[in-house]
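For reference, the structure is listed below as structure tokens.
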Protein chains: 2
Amino acid sequence: MESQDLRNAGLKVTAPRLKMLELFEKAQDRHLTAEAIYRHLLDAGEEIGLATVYRALTQFEAAGLVTRHHFEGGHAVFELERGPHHDHIVCVHCGRVEEFYDESIEKRQRAIAEKLGFNLRDHTLTLYGECNKPGCKGEKNAR
Amino acid sequence: MESQDLRNAGLKVTAPRLKMLELFEKAQDRHLTAEAIYRHLLDAGEEIGLATVYRALTQFEAAGLVTRHHFEGGHAVFELERGPHHDHIVCVHCGRVEEFYDESIEKRQRAIAEKLGFNLRDHTLTLYGECNKPGCKGEKNAR
DNA sequence: ATGTATGCAAAACATTTGCACCTGG
DNA sequence: CCAGGTGCAAATGTTTTGCATACAT
């Protein structure tokens with residue numbers, strides 16, 4: 001139950017927060033912008049403010065419920081923190097996001113950080129490429 | 001000579017552009033924000049506008065002279081495109097940036113993209129950690 | 001009740017753009 | 001000379017904040 005996630009994070013269980021978590025659960029695309037969340041909820045007839053979305057996302061992130069990504073494009077993208085760590089590959093044409101995990105890369109990262117005298121805390125690895133999905137080829141999201 | 005870089009890029013050789021390139025060359029920190037470049041040049045007595053800095057950076061990037069990074073923090077960071085590709089490790093306390101290159105990681109990335117049906121175009125890998133430099137330990141750049 | 005959350009509007013940033021004036025080739 | 005470049009100010013887009021009201025516990 002999402003209410004429990006919120007309580008565990010020391011946050012009050014409110015309608016906007018629950019709606020946001022539900023949206024993350026059922027959305028086809030696991031990677032959402034604040035604006036997208038706001039619109040989806042408005043369209044679904046919910047009464048919510050954009051500021052609330054941002055505030056909740058920041059709190060969710062602090063609580064580890066959600067991860068904030070800075071892909072290209074000037075806006076942050078949020079993703080529900082379900083399951084184990086993974087990195088991303090983003091289609092430069094249609095914006096589609098796939099996830100992957102590669103233990104050998106993770107291992108090398110740890111070795112590199114150690115060699116350079118850093119105590120590794122986190123990392124971001126994002127690949128950018130052209131996906132081969134039908135209907136993609138640079139139609140949507142034309143930069 | 002930097003003038004030649006500009007001419008090769010089809011850009012006119014102007015004072016602001018030369019000053020910016022010079023700054024990149026001599027700056028101790030190879031990774032600069034637009035704002036930082038603007039301030040440095042102003043402090044050095046140059047007459048320059050922030051808009052010009054942004055315009056030039058965008059052109060430099062298009063010409064491959066410079067790379068734009070999106071580290072954490074809401075602002076872009078620019079780096080002179082000298083030498084071969086590399087990735088970054090950033091100190092979460094003092095913001096210090098180190099560069100590294102790891103062929104086995106590069107190799108794995110290519111394999112992953114191929115497996116997922118993407119034509120790899122680019123990637124970003126940034127590690128975040130605590131560096132062991134004297135005088136760091138979270139004094140400056142406290143978030 | 002009471003400390004948190006919320007919505008709205010205004011503010012704060014980073015970045016871009018319109019425009020009249022300059023300038024390199 | 002004149003297309004391209006520049007500075008300034010205003011516009012943009014995203015995210016944050018102030019404040020009075022509403023709600024969870």
Side-chain angles (χ1 to χ4, degrees), chain A residues 1-21 23 31-39 41-42 44-63 65-78 141 143, chain B residues 1-21 23 31-42 44-63 65-78 95 141 143:
Chain A
M1 200 51 155
E2 291 99 350
S3 347
Q4 204 48 51
D5 292 334
L6 289 174
R7 264 185 276 270
N8 292 342
L11 299 172
K12 283 187 178 171
V13 179
T14 67
R17 288 170 182 169
L18 284 176
K19 295 297 177 189
M20 287 178 60
L21 291 180
L23 177 57
H31 306 81
L32 304 170
T33 67
E35 187 71 27
I37 295 169
Y38 176 59
R39 284 198 204 292
L41 292 181
L42 275 193
E46 302 300 331
E47 186 177 287
I48 195 170
L50 184 53
T52 301
V53 173
Y54 275 106
R55 272 186 289 236
L57 285 172
T58 302
Q59 291 164 322
F60 291 176
E61 186 192 19
L65 285 175
V66 140
T67 309
R68 184 190 304 248
H69 300 291
H70 292 79
F71 299 155
E72 320 211 323
H75 48 261
V77 176
F78 297 84
N141 282 40
R143 233 262 203 201
Chain B
M1 200 52 157
E2 292 100 352
S3 348
Q4 203 48 52
D5 292 335
L6 290 174
R7 264 185 277 270
N8 292 341
L11 300 171
K12 282 186 179 172
V13 179
T14 66
R17 287 171 182 168
L18 283 176
K19 294 297 178 190
M20 287 177 61
L21 291 179
L23 178 56
H31 306 82
L32 303 171
T33 66
E35 188 71 27
I37 295 169
Y38 176 58
R39 285 199 204 290
H40 280 221
L41 292 181
L42 275 193
E46 302 300 331
E47 186 176 285
I48 196 170
L50 183 53
T52 301
V53 173
Y54 275 107
R55 273 186 290 235
L57 285 172
T58 302
Q59 292 164 322
F60 291 176
E61 185 191 19
L65 286 175
V66 140
T67 309
R68 182 190 305 247
H69 299 291
H70 293 78
F71 299 155
E72 321 212 319
H75 49 259
V77 175
F78 298 83
N141 281 40
R143 234 264 203 203

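Convention: sequence-line order gives letters A, B, ...; per-chain numbering from 1. All heavy atoms count here, side chains included; hydrogens, waters and symmetry mates do not.
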Checklist line | Side-chain N or O of A:Tyr54 closer than 4.0 Å to phosphate OP1/OP2 of D:dT15 | finding: yes
Notebook entry, point to check: How many angstroms lie between CD in A:Glu47 and NZ in A:Lys19, if you round to the nearest 0.5 Å?
Noted result: 12.5 Å
Next item on the list: Give me the first and last nucleotide of DNA chain C, going 5' to 3', that has any atom under 4.0 Å from a heavy atom of chain B.
Entry: C:dA14 to C:dG25
Check: Any idea which heavy atoms bring A:Leu42 and A:Ile48 closest together, and the distance?
Finding: CD2-O, 4.0 Å
Notebook entry, point to check: How far apart are the C-alpha atoms of B:Glu61 and B:Thr67, what are their side-chain angles, what is the distance that settles it, and do they pass the side-chain contact (heavy atoms from CB on, under 4.5 Å) test?
Noted result: CA-CA 6 Å; B:Glu61 185 191 19; B:Thr67 309; over 6 Å; no
Next item on the list: Find the distance between CZ (A:Phe78) and CZ (A:Phe60) and round it off to the nearest 0.5 Å.
Entry: 11.0 Å
Note to self: Exactly one of A:Leu65, A:Leu32, A:Thr52, A:Ile37 should register a side chain to side chain contact (heavy atoms under 4.5 Å, CB included) with A:Leu57. Which one does?
What the structure shows: A:Ile37
Item checked: Upstream residue (5' side of DNA chain C) when B:Val13 and B:Thr33 are each assigned their closest nucleotide -> B:Thr33
Next item on the list: State which residues pass side chain to side chain donor-acceptor pair (under 3.5 Å) with B:His40; sequence neighbours excluded, sorted by chain then number.
Entry: none
Note to self: So if I take the C1' atoms of five pairs at each end of the helix from C:dA1-D:dT25 to C:dG25-D:dC1 and get each local axis, what angle do the two axes make, rounded to 10 degrees?
What the structure shows: 30°
Item checked: Considering all heavy atoms, the nearest B:Tyr38-B:Gly49 contact -> CE1-C, 3.7 Å
Notebook entry, point to check: CE/A:Met1 to CG/A:Leu21 distance, rounded to the nearest 0.5 angstrom?
Noted result: 11.0 Å
Check: Going 5' to 3' along nucleotides 3-8 of chain D, which nucleotides have protein heavy atoms under 4.0 Å from the base (write B), which only from the sugar-phosphate (write S), and which from neither (write -)?
Finding: BSSBBB
Margin query: What contact category does B:Arg68 fall into here, base, sugar-phosphate, or nothing, at under 4.0 angstrom with non-hydrogen atoms?
Written below: nothing
Next item on the list: For A:Thr33, check side chain to side chain contact (heavy atoms under 4.5 Å, CB included) against everything at least two apart and list the hits.
Entry: A:Glu35, A:Ala36, A:His75, A:Val77
Show the atom names and distances, to 0.1 Å, of all donor-acceptor pairs under 3.5 Å that link a side chain in residues 7-18 of chain A to residues at least two apart or in another chain.
unit_1	atom_1	unit_2	atom_2	d
A:Asn8	OD1	A:Gln4	NE2	3.2
A:Asn8	ND2	A:Gln4	O	3.3
A:Arg17	NH1	A:Lys12	O	2.9
A:Arg17	NH2	A:Gln59	OE1	3.2

